[in-house]
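Okay, structure first, notes after.
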Amino acid sequence: MPLVVYNTLTRKKEEFKPLHEGRVGMYVCGPTVYSHSHIGHGKSYVSFDIIVRYLRHLGYKVMYVQNITDVGHLLDDGEDRMLKQSRIDKAHPMQIAETITRSYFEDMDALNIVRPDISPRATGHIIEQIEVVKRLLSNGHAYEMNGSVYFDVRKFKAYGKLSGRSIDDMKEGTRVEVKSEKRNPEDFALWKKAEPEHIMRWQSPWGEGFPGWHVECSAMSMKYLGETFDIHGGGLDNQFPHHECEIAQSESATGKPFAKYWIHNNLVTANGQKMSKSLGNFVTLKDAFKKFDPIVVRFFILQSHYRSTLDFSEQAIEAAAKGLEKLQSTIERLRAEIVKEQNGIVQFVESLEEYRKRFFDAMNDDFSAPLALGVLFEVARETNELLANSQNASHEFLVKLNEFFTLTGDQILGILSEKQTAGEQSLEPQLIDLLLKVRGSARQRNEWRTADDIRKGLKGLRIEVQDIKDGTTWKKA
RNA sequence: GGCGCCGUACCCAAGUGGUAAGGGAGAGGUCUGCAAAACCUUUAUGCGACGGUUCGAAUCCGCCCGGCGCCUCCA
């Protein structure tokens, strides 16, 4: 089964075929850096992380570009997001941008998200953006008005092809306000004239100003990936107008198709309502990490498909935490067992190859991580069964199993990291082992009080002790 | 008003024409000094309601009910 992806542009699943053999150019809309990321951002970037990891697993050389928006994102009242935050925090907008950018990467790293190859800042690409605007002016797709430049939407016939709407449909009931400066209300700003009090300003052929929000993505994606590239991703809430406008201005500027595949991830809801900064019903990743391991958050996100909404609740994420723990403890036991010499012959009822096939079929079907996870749980159940009678297992098979989990759970899904290699053995585990040895002999003498005290004491230090068939294991809680 | 999505067990969530994955919670059991883990068994004659197409529908079509998203701030 070849990889198929759902393309928003065609509204159906298509076989994935990159423009250039073996290579994939991928651009994903990054954050506007004015406040800390929340679970919704987590879902978005975890989803695209899976896509990048999987494409790389398939052997594609992926160039992954994800922008950082630090200028030009305007509010309803026309104020720049960054400027508004800088006024609130009494800080320079670039201070905010820097702080939040760092915070963003911190959160993404915690979620075990592979960093983009390039994270271009909008303010670092003013020249490139001006170039796009100039091209649009010279070929008649844009017009200048009092120091601002607007895109003439009526000149781009295909406007609406991504979001499936027509300009005429949008007229009724929209929030579009008629600004006298624009020829048509649906036109959007490519470049805005800076008022005297506006701090973020750059010199341009049309006077001092700043770029519009949409143009940064066109300029930066084309700079690093070429005028036509493979995948453009982003949140569903950016499908319109942002992505529609990107297509309009890019294709008008170059005369070439922009992105071949458009991938949109769905949103996180809380009590059925979209989690968003403006609604204020969001949980920041930093807050979530105080209660849950970041990998639990990642796992929670992967339990639903990227194109489905995911309803966030403590109950749901706690259930996820337990599920992940089950999976992790299976892997831990497997890896502990693997170092022992084993001569058994017993394997699974269903062959590992069958499971492998089901896993990759799931991933090939529009990156269905939830289905793939289901397969991992089934393999884990069989593995546990095998390990319960470990003398029956063949060493060779256990190694194969470990390879399977490493490839699928660690490399592709990013939730089952390989145990830290014991390069620098710290004192801690040695002390714990020593303590457990003492406890073991106490148990042999039926001194249960001592044994229980040690177990209780270690639990207080967040170390969980478990007695198993031939010995005692421990893990950090 | 326009465009679009969703409704599957107590909770989360796959499945998009062949007879309901997976996780959590609950119940019973095996193992066990106790605890924990693990394993086994069990929990939806039914997928919002009603019609229709079909040998066969959660899946396709129609209508209705309920929820949500976008329509120039959002991942």
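Among the heavy atoms of the strands, none lies under 4.0 Å from A:K43. Here A:V268 lies in heavy-atom contact (under 4.0 Å) with a base. Using a 4.0 Å heavy-atom distance criterion, A:K274 is classed as a base contact. Among the heavy atoms of the strands, none lies under 4.0 Å from A:I317. Across all strands, A:R455 comes closer than 4.0 Å to base atoms (heavy-atom distances). Residue contacts shown for A:G30 are limited to sugar-phosphate atoms, with no base heavy atom under 4.0 Å away. Here A:V28 lies out of heavy-atom contact (under 4.0 Å) with every strand. Residue-level contact check: A:S37 touches neither bases nor backbone, having no heavy atom under 4.0 Å from any strand. Nucleic acid contact for A:F48: none, since no nucleic acid atom lies under 4.0 Å from a heavy atom of the residue. At a threshold of 4.0 angstrom between heavy atoms, the contacts of A:G40 include nucleobase atoms, whether or not backbone atoms are also involved.
Under the 6.0 Å distance and 45° angle rule, A:K277 counts as a cation-pi partner of A:Y34. No cation-pi contact links A:R356 to A:F404, judged by a cut-off of 6.0 Å to the six-membered ring centre and 45° from its axis. Judged by the 6.0 Å distance and 45° axis criteria, A:R307 is positioned over the aromatic ring of A:Y6.
As rounded to whole Å, 20 Å separates atom P of B:U30 from atom CG of A:N384. A straight line from NE2 of A:H36 to C1' of B:A75 spans 17 Å, rounded to a whole angstrom. Put simply, NZ on A:K322 is 17 Å from C1' on B:G22, counting in whole angstrom units. Atom CD1 in A:I263 sits about 19 Å away from atom P in B:A75, given to the nearest Å. Taking atom CZ of A:F312 as the reference point, atom P of B:A13 lies 13 Å away to the nearest angstrom. Counting to the nearest Å, the P atom of B:C73 and the CD atom of A:Q239 are 16 Å from each other. Put simply, CG on A:N266 is 10 Å from P on B:A14, counting in whole angstrom units. Rounded to an integer number of Å, the gap from CD of A:E378 to C1' of B:C39 is 16 Å.
B:C60 is paired with B:G52 under the Watson-Crick or G-U wobble criterion, all donor-acceptor distances under 3.5 Å. Both distances falling under 3.5 Å, in either a Watson-Crick or a G-U wobble arrangement, place B:G4 opposite B:C68. Using the Watson-Crick or G-U wobble rule with both distances under 3.5 Å, B:U45 pairs with nothing in any strand shown. Pairing for B:A14 is absent, with no Watson-Crick or G-U wobble pair whose two atom distances lie under 3.5 Å. Of all nucleotides present, only B:A38 satisfies the Watson-Crick or G-U wobble test against B:U30, with each distance under 3.5 Å.
Stacking annotation: A:W448 is stacked on the base of B:G33 (ring centroids less than 5.5 angstrom apart, interplanar angle below 30 degrees).
Between the C1' atoms of B:G23 and B:A14, the separation comes to 11 Å (whole Å). Rounded to whole Å, the separation between the C1' atoms of B:U53 and B:C60 comes to 8 Å. B:U30 and B:A36 have their C1' atoms separated by 15 Å, given to the nearest Å. Comparing the C1' positions of B:U43 and B:A27 gives a spacing of 8 Å, expressed to the nearest Å.
Residues A:R115 and A:F105 approach most closely at NH2-CB, 3.5 Å, considering heavy atoms.
Taking only distance into account, the side chain of A:R307 never meets the base of B:C5 through a donor-acceptor pair shorter than 3.5 Å. On a pure distance criterion of 3.5 Å, no polar donor-acceptor pair joins the side chain of A:D311 and the base of B:C12.
Ranked by how close their nearest RNA chain B nucleotide is to the 5' end, A:D452 and A:S278 are led by A:D452. Of the residues near RNA chain B, A:H38 and A:G323, the one whose nearest nucleotide (by heavy atom distance) lies more toward the 5' end is A:G323.
Between A:R298 and A:D49 there is a salt bridge, since at least one side-chain N of the basic residue sits less than 4.0 Å from a carboxylate O of the acidic one.
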